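Quick notes on the structure that follows.
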Amino acid sequence: MVDTADSLPDFQAELDTTGLYCPEPIMLMHNKVRDMQTGEVLKVVATDPATTRDVPKFCSFLGHELLAQQASDERYLYFIRLG
């Protein structure tokens, strides 16, 4: 997993959950990945600190790969390759 801005992966879809709190970001991620294909990468933007715990668990539980995550100024970025 990469956590530097220099090497953030390309992505096919983006989900902005700014301003939403648990469980909404994860619920929206579930909906978004249903519309995507295996191997595609989803970029998630969040402001809820709970996503630092929830997104890795989401990936682990559903067999997705967390390619990168980055935190700065109360904003969190996640890049997830669908499994």
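FYI, side chains are in, hydrogens and waters are out, and symmetry mates aren't considered; it's all heavy atoms of this structure. Everything numeric in this text was worked out from a predicted model, so none of it was measured.
- Between Gln69 and Val55, every side-chain heavy-atom pair lies at or beyond the 4.5 Å cut-off.
- Interatomic distance, CG of Leu82 versus CD of Glu40, reported as 7.5 Å (0.5 Å rounding).
- Here the straight-line distance linking atom CD of Gln12 with atom CD of Gln37 works out to 10.5 Å at 0.5 Å rounding.
- Taking 4.5 Å as the limit, some side-chain heavy atom of Val45 sits within range of a side-chain heavy atom of Glu14.
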Applying side-chain contact (heavy atoms from CB on, under 4.5 Å) to Ile80 and Met29, what does each step give before you reach the verdict? CA-CA 10 Å; Ile80 301 164; Met29 286 172 55; 3.5 Å; yes

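- Here the CD atom belonging to Glu65 is positioned 12.0 Å from the OG atom belonging to Ser60, to the nearest 0.5 angstrom.
- Within the 4.5 Å cutoff, side-chain heavy atoms of Thr52 are placed close to those of Tyr78.
- Scored by the side-chain hydrogen bond (donor to acceptor under 3.5 Å, both in side chains) test, Asn31 finds Arg34 as partners (sequence neighbours excluded).
- For residues 21-51, the pairs satisfying ring pair (Phe, Tyr, Trp, His ring centres under 6.0 Å) are His30-Phe58, with sequence neighbours left out.
- Asp54 CG to Ile26 CD1: the interatomic distance, rounded to the nearest 0.5 Å, is 5.0 Å.
- Under the 4.5 Å side-chain heavy-atom criterion for Ile, Leu, Val, Met, Phe, Trp and Tyr, Phe61 and Met27 are members of distinct hydrophobic clusters.
- Side chains of Leu20 and Asp48 form no contact here, defined as non-hydrogen atoms less than 4.5 Å apart.
- The backbone N or O of Gly83 lies less than 3.5 Å from a partner atom in the side chain of His64, making a donor-acceptor pair.
- Side chain of Asp16 to backbone of Thr18: a donor-acceptor contact under 3.5 angstrom is found.
- Taking CZ of Phe79 as the start and OG of Ser7 as the end, the distance is 10.0 Å to the nearest 0.5 Å.
- With values rounded to the nearest 0.5 angstrom, Leu42 atom CG is found 5.0 Å from Met36 atom CE.
- Side-chain contact between Val41 and Asp10 is absent, with no heavy atoms from C-beta onward closer than 4.5 Å.
- Between Thr17 and Glu24, the closest side-chain pair of non-hydrogen atoms is not below 4.5 Å.
- When side chains are defined from C-beta on, Val44 does not count as touching Pro25, because their heavy atoms never get closer than 4.5 Å.
- A 4.5 Å side-chain heavy-atom check between Leu67 and Arg81 finds at least one atom pair inside the cut-off.
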